[in-house]
There are 2 protein chains.
Amino acid sequence: MRASEVREAGATAEAGEAGRTAPRRSGGRSDAADTRCRIIEATAALLQRQGYESTSVKAIAGAANASPSSVYHFFPGGKQELAIEAMRHGAAEFGELIAEGLASSPDPAEATAACALLLADTLRESDWTDGCPVAVTALETVGRVPGLQEAATEALTHWRGLVAAKLRESGIEPAAARSLAGTVISMLEGAELLSRVGGDDTPLRDAAVHLAQLVRASPRG
Amino acid sequence: MRASEVREAGATAEAGEAGRTAPRRSGGRSDAADTRCRIIEATAALLQRQGYESTSVKAIAGAANASPSSVYHFFPGGKQELAIEAMRHGAAEFGELIAEGLASSPDPAEATAACALLLADTLRESDWTDGCPVAVTALETVGRVPGLQEAATEALTHWRGLVAAKLRESGIEPAAARSLAGTVISMLEGAELLSRVGGDDTPLRDAAVHLAQLVRASPRG
DNA sequence: GTCTATAACGGGATAGAC
DNA sequence: GTCTATCCCGTTATAGAC
(Lines give C-alpha, C1' and ligand atoms only; values in the text may rest on other atoms or scores of the structure.)
Protein backbone atom coordinates (compact mmCIF):
# COMPACT_ATOMS: atom_id res chain seq x y z
CA MET A 1 0.00 0.00 0.00
CA ARG A 2 1.35 3.37 -0.95
CA ALA A 3 1.38 6.34 1.36
CA SER A 4 -1.18 8.20 -0.72
CA GLU A 5 -3.61 5.31 -0.54
CA VAL A 6 -3.22 5.12 3.20
CA ARG A 7 -4.00 8.79 3.55
CA GLU A 8 -7.02 8.48 1.32
CA ALA A 9 -8.33 5.55 3.30
CA GLY A 10 -7.91 7.45 6.54
CA ALA A 11 -9.60 10.56 5.19
CA THR A 12 -12.49 8.54 3.83
CA ALA A 13 -13.00 6.79 7.12
CA GLU A 14 -13.01 10.03 9.07
CA ALA A 15 -15.16 12.10 6.75
CA GLY A 16 -17.37 9.34 5.43
CA GLU A 17 -19.66 8.56 8.34
CA ALA A 18 -22.61 9.13 6.03
CA GLY A 19 -21.30 6.52 3.65
CA ARG A 20 -21.31 3.90 6.34
CA THR A 21 -24.94 4.20 7.32
CA ALA A 22 -26.22 4.80 3.80
CA PRO A 23 -27.17 1.62 1.93
CA ARG A 24 -24.51 0.56 -0.51
CA ARG A 25 -25.44 -0.33 -4.04
CA SER A 26 -25.16 -4.07 -4.32
CA GLY A 27 -23.65 -3.86 -7.79
CA GLY A 28 -20.50 -2.30 -6.32
CA ARG A 29 -17.32 -4.02 -5.22
CA SER A 30 -18.39 -4.22 -1.59
CA ASP A 31 -18.75 -7.97 -1.22
CA ALA A 32 -17.43 -9.92 1.72
CA ALA A 33 -14.00 -10.50 0.30
CA ASP A 34 -13.62 -6.79 -0.26
CA THR A 35 -14.62 -5.95 3.29
CA ARG A 36 -12.16 -8.47 4.62
CA CYS A 37 -9.49 -6.96 2.43
CA ARG A 38 -10.27 -3.43 3.57
CA ILE A 39 -10.01 -4.54 7.19
CA ILE A 40 -6.61 -6.08 6.60
CA GLU A 41 -5.29 -3.07 4.75
CA ALA A 42 -6.58 -0.65 7.36
CA THR A 43 -5.01 -2.73 10.10
CA ALA A 44 -1.69 -2.91 8.29
CA ALA A 45 -1.63 0.86 7.90
CA LEU A 46 -2.44 1.46 11.55
CA LEU A 47 0.10 -1.08 12.78
CA GLN A 48 2.74 0.53 10.63
CA ARG A 49 2.06 3.96 12.12
CA GLN A 50 1.06 3.33 15.72
CA GLY A 51 1.95 -0.24 16.49
CA TYR A 52 -0.18 -2.91 18.11
CA GLU A 53 -1.17 -1.59 21.50
CA SER A 54 -2.25 1.83 20.30
CA THR A 55 -4.48 0.38 17.62
CA SER A 56 -7.99 -0.49 18.80
CA VAL A 57 -10.40 -2.76 17.01
CA LYS A 58 -12.80 0.15 16.96
CA ALA A 59 -10.29 2.34 15.15
CA ILE A 60 -9.60 -0.45 12.67
CA ALA A 61 -13.29 -0.87 11.95
CA GLY A 62 -13.68 2.86 11.50
CA ALA A 63 -10.75 3.12 9.12
CA ALA A 64 -12.02 0.14 7.11
CA ASN A 65 -15.55 1.51 6.98
CA ALA A 66 -16.86 -1.57 8.75
CA SER A 67 -18.42 -2.37 12.09
CA PRO A 68 -16.45 -3.93 14.94
CA SER A 69 -18.55 -7.07 14.74
CA SER A 70 -17.57 -7.46 11.09
CA VAL A 71 -13.99 -7.55 12.25
CA TYR A 72 -14.77 -10.40 14.62
CA HIS A 73 -16.80 -12.12 11.93
CA PHE A 74 -13.84 -12.33 9.59
CA PHE A 75 -11.27 -12.79 12.32
CA PRO A 76 -12.72 -14.93 15.13
CA GLY A 77 -9.32 -14.91 16.79
CA GLY A 78 -9.80 -11.22 17.41
CA LYS A 79 -7.16 -8.54 17.36
CA GLN A 80 -4.24 -10.96 17.51
CA GLU A 81 -5.31 -13.02 14.53
CA LEU A 82 -6.05 -9.89 12.55
CA ALA A 83 -2.74 -8.29 13.45
CA ILE A 84 -0.83 -11.37 12.35
CA GLU A 85 -2.54 -11.42 8.98
CA ALA A 86 -2.11 -7.67 8.58
CA MET A 87 1.57 -7.92 9.39
CA ARG A 88 2.03 -10.54 6.70
CA HIS A 89 0.20 -8.29 4.27
CA GLY A 90 2.29 -5.25 5.12
CA ALA A 91 5.47 -7.28 5.06
CA ALA A 92 4.74 -8.53 1.56
CA GLU A 93 4.27 -4.98 0.32
CA PHE A 94 7.42 -3.81 2.02
CA GLY A 95 9.21 -6.72 0.37
CA GLU A 96 8.06 -5.43 -3.00
CA LEU A 97 9.49 -2.03 -2.14
CA ILE A 98 12.83 -3.61 -1.32
CA ALA A 99 12.71 -5.68 -4.49
CA GLU A 100 12.01 -2.52 -6.46
CA GLY A 101 15.05 -0.84 -4.96
CA LEU A 102 17.24 -3.86 -5.60
CA ALA A 103 16.12 -4.06 -9.21
CA SER A 104 17.05 -0.46 -9.91
CA SER A 105 20.66 -1.28 -10.73
CA PRO A 106 22.69 -4.32 -11.79
CA ASP A 107 25.47 -3.21 -9.45
CA PRO A 108 24.76 -4.66 -5.99
CA ALA A 109 26.33 -1.70 -4.17
CA GLU A 110 24.20 0.79 -6.06
CA ALA A 111 21.12 -1.40 -5.72
CA THR A 112 21.54 -1.62 -1.96
CA ALA A 113 22.03 2.11 -1.68
CA ALA A 114 18.95 2.62 -3.81
CA CYS A 115 16.93 0.64 -1.25
CA ALA A 116 17.93 2.98 1.52
CA LEU A 117 17.15 6.02 -0.61
CA LEU A 118 13.79 4.57 -1.59
CA LEU A 119 12.92 4.13 2.07
CA ALA A 120 14.09 7.65 2.79
CA ASP A 121 11.83 9.08 0.10
CA THR A 122 8.85 6.99 1.15
CA LEU A 123 9.28 7.96 4.77
CA ARG A 124 9.78 11.66 4.15
CA GLU A 125 6.91 11.94 1.69
CA SER A 126 4.55 10.33 4.19
CA ASP A 127 5.53 12.86 6.88
CA TRP A 128 7.55 10.24 8.76
CA THR A 129 4.61 7.92 9.25
CA ASP A 130 5.07 5.10 6.77
CA GLY A 131 8.06 3.19 8.03
CA CYS A 132 8.72 -0.50 8.30
CA PRO A 133 5.38 -2.28 8.81
CA VAL A 134 6.96 -4.78 11.17
CA ALA A 135 9.35 -2.90 13.44
CA VAL A 136 7.03 -1.19 15.92
CA THR A 137 4.60 -4.06 16.34
CA ALA A 138 7.35 -6.65 16.58
CA LEU A 139 9.29 -4.77 19.24
CA GLU A 140 6.13 -4.05 21.19
CA THR A 141 4.99 -7.62 21.37
CA VAL A 142 8.26 -9.57 21.38
CA GLY A 143 8.01 -12.44 23.80
CA ARG A 144 4.34 -11.80 24.48
CA VAL A 145 2.45 -12.54 21.25
CA PRO A 146 4.23 -15.51 19.66
CA GLY A 147 2.23 -15.39 16.43
CA LEU A 148 3.29 -11.83 15.77
CA GLN A 149 6.89 -12.54 16.62
CA GLU A 150 6.85 -15.46 14.22
CA ALA A 151 5.33 -13.37 11.43
CA ALA A 152 7.92 -10.67 12.05
CA THR A 153 10.77 -13.15 11.92
CA GLU A 154 9.44 -14.58 8.66
CA ALA A 155 9.26 -11.08 7.18
CA LEU A 156 12.77 -10.14 8.21
CA THR A 157 14.09 -13.46 6.91
CA HIS A 158 12.30 -12.97 3.61
CA TRP A 159 13.72 -9.48 3.10
CA ARG A 160 17.18 -10.69 3.98
CA GLY A 161 16.73 -13.42 1.39
CA LEU A 162 15.91 -10.87 -1.29
CA VAL A 163 19.08 -8.95 -0.56
CA ALA A 164 21.19 -12.11 -0.30
CA ALA A 165 19.96 -13.29 -3.68
CA LYS A 166 20.97 -10.00 -5.27
CA LEU A 167 24.41 -10.20 -3.67
CA ARG A 168 24.94 -13.79 -4.79
CA GLU A 169 23.85 -12.96 -8.34
CA SER A 170 26.65 -10.45 -8.39
CA GLY A 171 29.23 -13.05 -7.50
CA ILE A 172 29.53 -12.49 -3.77
CA GLU A 173 30.27 -15.70 -1.89
CA PRO A 174 27.15 -17.30 -0.38
CA ALA A 175 28.32 -17.16 3.23
CA ALA A 176 29.39 -13.53 2.94
CA ALA A 177 26.20 -12.71 1.06
CA ARG A 178 24.04 -14.14 3.81
CA SER A 179 25.83 -12.28 6.57
CA LEU A 180 26.03 -9.04 4.62
CA ALA A 181 22.36 -9.24 3.68
CA GLY A 182 21.45 -9.47 7.35
CA THR A 183 23.54 -6.41 8.02
CA VAL A 184 21.80 -4.57 5.20
CA ILE A 185 18.41 -5.24 6.78
CA SER A 186 19.73 -4.28 10.21
CA MET A 187 21.05 -1.02 8.84
CA LEU A 188 17.83 -0.22 6.99
CA GLU A 189 15.77 -0.89 10.10
CA GLY A 190 18.02 1.13 12.37
CA ALA A 191 18.43 4.04 9.99
CA GLU A 192 14.70 4.15 9.45
CA LEU A 193 14.20 4.27 13.21
CA LEU A 194 16.60 7.19 13.57
CA SER A 195 15.13 8.99 10.58
CA ARG A 196 11.57 8.55 11.79
CA VAL A 197 12.21 9.58 15.38
CA GLY A 198 14.36 12.53 14.37
CA GLY A 199 12.13 13.62 11.51
CA ASP A 200 15.20 13.78 9.28
CA ASP A 201 16.22 11.37 6.56
CA THR A 202 19.94 11.93 7.00
CA PRO A 203 20.47 8.58 8.76
CA LEU A 204 18.93 6.71 5.81
CA ARG A 205 20.97 8.74 3.32
CA ASP A 206 24.17 8.09 5.26
CA ALA A 207 23.20 4.43 5.44
CA ALA A 208 22.96 4.37 1.65
CA VAL A 209 26.54 5.58 1.33
CA HIS A 210 27.95 3.22 3.92
CA LEU A 211 26.02 0.21 2.69
CA ALA A 212 27.37 0.74 -0.81
CA GLN A 213 30.86 0.89 0.67
CA LEU A 214 30.36 -2.36 2.53
CA VAL A 215 29.01 -4.18 -0.50
CA ARG A 216 31.86 -2.97 -2.72
CA ALA A 217 34.40 -4.22 -0.21
CA SER A 218 32.89 -7.67 0.11
CA PRO A 219 34.72 -10.70 -1.33
CA ARG A 220 34.18 -10.98 -5.11
CA GLY A 221 31.82 -7.97 -5.00
CA MET B 1 20.53 -0.68 35.27
CA ARG B 2 21.86 -4.14 34.71
CA ALA B 3 19.70 -7.07 33.72
CA SER B 4 20.19 -8.81 37.05
CA GLU B 5 19.00 -5.76 38.96
CA VAL B 6 15.93 -5.52 36.80
CA ARG B 7 15.04 -9.11 37.47
CA GLU B 8 15.56 -8.67 41.19
CA ALA B 9 13.32 -5.64 41.23
CA GLY B 10 10.61 -7.51 39.38
CA ALA B 11 10.82 -10.53 41.64
CA THR B 12 10.69 -8.39 44.73
CA ALA B 13 7.62 -6.58 43.49
CA GLU B 14 5.81 -9.79 42.72
CA ALA B 15 6.72 -11.75 45.84
CA GLY B 16 6.90 -8.86 48.25
CA GLU B 17 3.26 -7.93 48.79
CA ALA B 18 3.75 -8.33 52.51
CA GLY B 19 6.57 -5.84 52.45
CA ARG B 20 4.33 -3.21 50.99
CA THR B 21 1.65 -3.29 53.66
CA ALA B 22 3.98 -3.91 56.57
CA PRO B 23 5.26 -0.74 58.23
CA ARG B 24 8.76 0.10 57.11
CA ARG B 25 11.39 0.98 59.64
CA SER B 26 12.03 4.67 59.36
CA GLY B 27 15.77 4.25 59.77
CA GLY B 28 15.95 2.55 56.35
CA ARG B 29 16.65 4.10 52.97
CA SER B 30 12.98 4.39 52.07
CA ASP B 31 12.59 8.12 52.11
CA ALA B 32 10.77 10.08 49.47
CA ALA B 33 13.74 10.51 47.18
CA ASP B 34 14.27 6.77 47.22
CA THR B 35 10.66 6.03 46.33
CA ARG B 36 10.83 8.49 43.47
CA CYS B 37 14.01 6.84 42.29
CA ARG B 38 12.50 3.36 42.49
CA ILE B 39 9.55 4.53 40.43
CA ILE B 40 11.81 5.93 37.73
CA GLU B 41 13.95 2.81 37.58
CA ALA B 42 10.95 0.51 37.45
CA THR B 43 9.43 2.58 34.68
CA ALA B 44 12.65 2.58 32.71
CA ALA B 45 12.87 -1.19 32.94
CA LEU B 46 9.27 -1.68 31.84
CA LEU B 47 9.56 0.78 28.97
CA GLN B 48 12.66 -1.01 27.79
CA ARG B 49 10.87 -4.36 27.72
CA GLN B 50 7.29 -3.60 26.78
CA GLY B 51 7.23 -0.04 25.54
CA TYR B 52 4.89 2.75 26.52
CA GLU B 53 1.39 1.55 25.73
CA SER B 54 1.75 -1.85 27.35
CA THR B 55 3.04 -0.39 30.57
CA SER B 56 0.34 0.65 33.01
CA VAL B 57 0.79 2.96 35.95
CA LYS B 58 -0.46 0.14 38.13
CA ALA B 59 2.28 -2.16 36.90
CA ILE B 60 4.87 0.53 37.46
CA ALA B 61 3.68 1.07 41.01
CA GLY B 62 3.75 -2.65 41.64
CA ALA B 63 7.26 -3.06 40.31
CA ALA B 64 8.46 -0.09 42.34
CA ASN B 65 6.76 -1.33 45.49
CA ALA B 66 4.70 1.81 45.67
CA SER B 67 1.06 2.75 45.31
CA PRO B 68 -0.39 4.28 42.16
CA SER B 69 -1.17 7.46 44.00
CA SER B 70 2.49 7.79 44.97
CA VAL B 71 3.28 7.78 41.30
CA TYR B 72 0.93 10.69 40.72
CA HIS B 73 2.30 12.42 43.79
CA PHE B 74 5.82 12.49 42.40
CA PHE B 75 4.77 12.91 38.77
CA PRO B 76 1.70 15.16 38.58
CA GLY B 77 1.95 15.06 34.82
CA GLY B 78 1.03 11.39 35.00
CA LYS B 79 2.29 8.65 32.79
CA GLN B 80 3.71 10.94 30.14
CA GLU B 81 5.84 12.98 32.49
CA LEU B 82 7.08 9.83 34.19
CA ALA B 83 7.88 8.13 30.91
CA ILE B 84 9.91 11.09 29.73
CA GLU B 85 11.98 11.15 32.88
CA ALA B 86 12.39 7.37 32.80
CA MET B 87 13.52 7.46 29.20
CA ARG B 88 16.20 10.00 30.07
CA HIS B 89 17.29 7.77 32.92
CA GLY B 90 17.46 4.66 30.78
CA ALA B 91 19.18 6.55 27.99
CA ALA B 92 21.91 7.72 30.34
CA GLU B 93 22.58 4.16 31.47
CA PHE B 94 22.62 2.90 27.90
CA GLY B 95 25.08 5.68 27.11
CA GLU B 96 27.36 4.35 29.82
CA LEU B 97 27.15 0.91 28.24
CA ILE B 98 28.19 2.35 24.89
CA ALA B 99 30.98 4.33 26.51
CA GLU B 100 32.17 1.15 28.21
CA GLY B 101 32.32 -0.62 24.88
CA LEU B 102 34.11 2.26 23.20
CA ALA B 103 36.69 2.42 25.97
CA SER B 104 37.58 -1.23 25.61
CA SER B 105 40.13 -0.62 22.87
CA PRO B 106 42.19 2.27 21.55
CA ASP B 107 41.50 1.11 18.01
CA PRO B 108 38.22 2.69 16.85
CA ALA B 109 37.29 -0.29 14.68
CA GLU B 110 37.74 -2.73 17.54
CA ALA B 111 36.02 -0.38 19.96
CA THR B 112 32.98 -0.07 17.72
CA ALA B 113 32.79 -3.80 17.26
CA ALA B 114 33.08 -4.23 21.01
CA CYS B 115 29.98 -2.09 21.43
CA ALA B 116 27.96 -4.40 19.24
CA LEU B 117 29.27 -7.46 21.05
CA LEU B 118 28.52 -5.90 24.43
CA LEU B 119 24.94 -5.29 23.34
CA ALA B 120 24.74 -8.84 22.05
CA ASP B 121 25.86 -10.25 25.39
CA THR B 122 23.58 -8.00 27.41
CA LEU B 123 20.63 -8.88 25.25
CA ARG B 124 21.21 -12.62 25.20
CA GLU B 125 21.92 -12.84 28.92
CA SER B 126 18.66 -11.07 29.70
CA ASP B 127 16.70 -13.54 27.58
CA TRP B 128 16.19 -10.97 24.83
CA THR B 129 14.41 -8.51 27.06
CA ASP B 130 16.93 -5.76 27.82
CA GLY B 131 17.41 -3.98 24.54
CA CYS B 132 17.67 -0.31 23.74
CA PRO B 133 15.66 1.63 26.32
CA VAL B 134 14.51 4.12 23.73
CA ALA B 135 13.63 2.20 20.56
CA VAL B 136 10.26 0.66 21.40
CA THR B 137 8.83 3.63 23.23
CA ALA B 138 10.10 6.10 20.65
CA LEU B 139 8.66 4.21 17.69
CA GLU B 140 5.37 3.67 19.48
CA THR B 141 4.80 7.32 20.29
CA VAL B 142 6.50 9.09 17.39
CA GLY B 143 4.40 12.05 16.31
CA ARG B 144 1.99 11.58 19.19
CA VAL B 145 3.88 12.33 22.40
CA PRO B 146 6.27 15.16 21.58
CA GLY B 147 8.06 15.07 24.91
CA LEU B 148 9.01 11.44 24.44
CA GLN B 149 10.09 12.02 20.86
CA GLU B 150 12.29 14.88 22.02
CA ALA B 151 13.86 12.79 24.79
CA ALA B 152 14.49 9.99 22.30
CA THR B 153 16.13 12.33 19.83
CA GLU B 154 18.35 13.73 22.57
CA ALA B 155 19.39 10.22 23.56
CA LEU B 156 20.21 9.13 20.02
CA THR B 157 22.14 12.34 19.42
CA HIS B 158 24.09 11.86 22.63
CA TRP B 159 25.07 8.29 21.76
CA ARG B 160 26.10 9.36 18.28
CA GLY B 161 28.24 12.04 19.89
CA LEU B 162 30.03 9.45 22.01
CA VAL B 163 30.90 7.40 18.94
CA ALA B 164 31.85 10.46 16.91
CA ALA B 165 34.25 11.61 19.62
CA LYS B 166 35.96 8.23 19.64
CA LEU B 167 36.29 8.31 15.85
CA ARG B 168 37.70 11.83 15.85
CA GLU B 169 40.19 10.96 18.59
CA SER B 170 41.51 8.32 16.25
CA GLY B 171 42.14 10.82 13.50
CA ILE B 172 39.05 10.36 11.40
CA GLU B 173 37.94 13.58 9.74
CA PRO B 174 35.15 15.35 11.64
CA ALA B 175 32.60 15.26 8.82
CA ALA B 176 33.20 11.58 8.15
CA ALA B 177 33.20 10.86 11.87
CA ARG B 178 29.81 12.46 12.33
CA SER B 179 28.22 10.61 9.46
CA LEU B 180 29.86 7.31 10.35
CA ALA B 181 28.85 7.66 14.00
CA GLY B 182 25.24 8.03 12.93
CA THR B 183 25.55 4.89 10.88
CA VAL B 184 27.04 3.06 13.86
CA ILE B 185 24.03 3.94 15.99
CA SER B 186 21.67 3.00 13.15
CA MET B 187 23.36 -0.34 12.78
CA LEU B 188 23.31 -1.05 16.51
CA GLU B 189 19.62 -0.19 16.72
CA GLY B 190 18.70 -2.26 13.71
CA ALA B 191 20.81 -5.26 14.62
CA GLU B 192 19.42 -5.20 18.12
CA LEU B 193 15.91 -5.20 16.68
CA LEU B 194 16.67 -8.21 14.49
CA SER B 195 18.43 -10.03 17.31
CA ARG B 196 15.66 -9.39 19.77
CA VAL B 197 12.82 -10.34 17.46
CA GLY B 198 14.60 -13.42 16.18
CA GLY B 199 15.92 -14.48 19.57
CA ASP B 200 19.38 -14.85 18.04
CA ASP B 201 22.34 -12.56 18.45
CA THR B 202 23.78 -13.29 15.00
CA PRO B 203 22.68 -9.91 13.59
CA LEU B 204 24.56 -8.06 16.33
CA ARG B 205 27.64 -10.24 15.87
CA ASP B 206 27.58 -9.69 12.12
CA ALA B 207 27.11 -5.99 12.76
CA ALA B 208 30.27 -6.02 14.86
CA VAL B 209 32.28 -7.40 11.95
CA HIS B 210 30.84 -5.05 9.37
CA LEU B 211 31.08 -1.98 11.58
CA ALA B 212 34.76 -2.67 12.17
CA GLN B 213 35.20 -2.95 8.41
CA LEU B 214 33.51 0.38 7.82
CA VAL B 215 35.54 2.17 10.46
CA ARG B 216 38.80 0.75 9.13
CA ALA B 217 37.96 1.96 5.63
CA SER B 218 37.09 5.48 6.70
CA PRO B 219 39.41 8.37 5.78
CA ARG B 220 42.44 8.56 8.13
CA GLY B 221 41.01 5.67 10.20
C1' DG C 1 3.69 10.87 51.75
C1' DT C 2 1.07 6.95 51.43
C1' DC C 3 -3.15 4.44 51.71
C1' DT C 4 -8.21 3.01 50.11
C1' DA C 5 -11.82 3.90 47.20
C1' DT C 6 -13.76 5.35 43.17
C1' DA C 7 -14.86 8.19 39.24
C1' DA C 8 -14.70 8.43 34.16
C1' DC C 9 -13.40 6.40 30.25
C1' DG C 10 -12.08 3.23 26.55
C1' DG C 11 -10.69 -1.31 25.43
C1' DG C 12 -11.80 -6.27 23.59
C1' DA C 13 -15.23 -9.20 22.79
C1' DT C 14 -20.16 -11.24 22.38
C1' DA C 15 -25.38 -11.73 21.59
C1' DG C 16 -29.08 -11.49 18.86
C1' DA C 17 -32.01 -8.95 15.53
C1' DC C 18 -32.31 -8.34 10.64
C1' DG D 1 -22.81 -10.46 6.68
C1' DT D 2 -23.83 -6.48 8.98
C1' DC D 3 -25.95 -3.73 12.53
C1' DT D 4 -27.20 -2.22 17.47
C1' DA D 5 -26.59 -2.87 21.97
C1' DT D 6 -24.16 -4.44 25.67
C1' DC D 7 -20.98 -6.84 29.07
C1' DC D 8 -16.87 -6.94 31.55
C1' DC D 9 -12.54 -5.56 32.36
C1' DG D 10 -8.45 -2.64 32.77
C1' DT D 11 -6.82 1.93 32.38
C1' DT D 12 -5.75 6.81 33.84
C1' DA D 13 -6.44 9.86 37.18
C1' DT D 14 -8.49 12.00 41.43
C1' DA D 15 -10.48 12.54 46.29
C1' DG D 16 -10.11 12.21 50.88
C1' DA D 17 -8.74 9.59 55.08
C1' DC D 18 -4.66 8.85 57.87
Side-chain angles (χ1 to χ4, degrees), chain A residues 16-26 28-40 42-43 46-47 50-84 86 140-141 144-145 147-148, chain B residues 13 16-26 28-40 42-43 46-47 50-84 86 140-141 144-145 148:
Chain A
E17 295 293 332
R20 197 193 317 182
T21 50
R24 222 179 275 114
R25 43 183 208 286
S26 49
R29 286 264 296 104
S30 284
D31 52 4
D34 187 46
T35 298
R36 197 188 131 95
C37 183
R38 285 204 319 276
I39 291 173
I40 289 180
T43 306
L46 288 169
L47 288 185
Q50 328 180 11
Y52 184 77
E53 299 291 345
S54 305
T55 299
S56 71
V57 176
K58 258 172 214 177
I60 290 169
N65 202 19
S67 69
S69 60
S70 287
V71 173
Y72 288 99
H73 171 74
F74 289 109
F75 304 92
K79 190 180 169 180
Q80 286 196 15
E81 179 188 346
L82 172 53
I84 292 169
E140 255 185 311
T141 62
R144 296 184 303 145
V145 185
L148 275 174
Chain B
E17 294 295 332
R20 198 191 318 181
T21 50
R24 221 178 274 112
R25 44 183 207 286
S26 49
R29 286 265 295 106
S30 283
D31 52 4
D34 188 47
T35 298
R36 198 189 130 95
C37 183
R38 285 203 319 275
I39 291 173
I40 289 180
T43 306
L46 288 169
L47 287 185
Q50 329 181 10
Y52 184 76
E53 299 291 345
S54 304
T55 299
S56 70
V57 176
K58 206 180 277 187
I60 290 169
N65 201 20
S67 70
S69 60
S70 288
V71 173
Y72 288 100
H73 171 72
F74 289 108
F75 303 93
K79 192 179 166 179
Q80 286 197 15
E81 179 189 346
L82 171 54
I84 293 170
E140 254 185 312
T141 63
R144 297 184 303 142
V145 185
L148 275 175

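Letters A, B, ... mirror the listed sequences (proteins, then strands); counts begin at 1. Just so you know, these numbers come straight off a predicted model, no measurement behind them.
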For dT2(D), does OP1 or OP2 lie under 4.0 Å from any side-chain N or O of Thr35(A)?
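Answer yes for this pair, as a side-chain N or O of Thr35(A) is under 4.0 Å from OP1 or OP2.
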If you compare every side-chain N and O of Ser67(A) against the phosphate oxygens of dC3(D) (OP1, OP2), does one of them come in below 4.0 Å?
yes
| task | Report the residues that fulfil side-chain contact (heavy atoms from CB on, under 4.5 Å) with Val71(B), sequence neighbours left out, ordered by chain and then residue number. | result |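 Ile39(B), Val57(B), Ala61(B), Leu82(B).
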- Query: Would a distance-only check, ignoring hydrogens and angles, find a side-chain to backbone donor-acceptor pair under 3.5 Å from Gln80(A) to Gly147(A)?
  - Reply: no
> Where the side chain of Glu53(B) meets the backbone of Glu53(A), is there a donor-acceptor pair that is under 3.5 Å apart?
Replying inline: no
Atom-pair distance ([atom1] on [X]; [atom2] on [N]), nearest Å:
{"X": "Arg36(A)", "N": "dG1(D)", "atom1": "CZ", "atom2": "C1'", "answer": "14 Å"}
{"X": "Ile39(A)", "N": "dG12(C)", "atom1": "CD1", "atom2": "P", "answer": "14 Å"}
{"X": "Asn65(A)", "N": "dG1(D)", "atom1": "CG", "atom2": "P", "answer": "18 Å"}
{"X": "Ile60(A)", "N": "dG10(C)", "atom1": "CD1", "atom2": "P", "answer": "18 Å"}
{"X": "Gln50(A)", "N": "dG10(C)", "atom1": "CD", "atom2": "C1'", "answer": "15 Å"}

Once base and sugar-phosphate atoms are separated, protein heavy atoms under 4.0 Å mark nucleotides 11-18 of chain D, 5' to 3', with B, S and - as BSBBB---
### Task
Applying side chain to side chain donor-acceptor pair (under 3.5 Å), name anything that partners Ser56(A), two or more places apart in sequence or on another chain.
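Once residues adjacent in sequence are excluded, Ser56(A) has no partner under the side chain to side chain donor-acceptor pair (under 3.5 Å) criterion.
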In this structure, CG of Leu47(A) is separated from CG of Leu148(A) (nearest 0.5 Å) by 7.5 Å
One should read off an interatomic distance between Ile60(B) CD1 and Phe75(B) CZ, to the nearest 0.5 angstrom, of 9.5 Å
Winner on side-chain proximity to His73(B), out of dG1(C), dG1(D), dC3(C), is dG1(C)
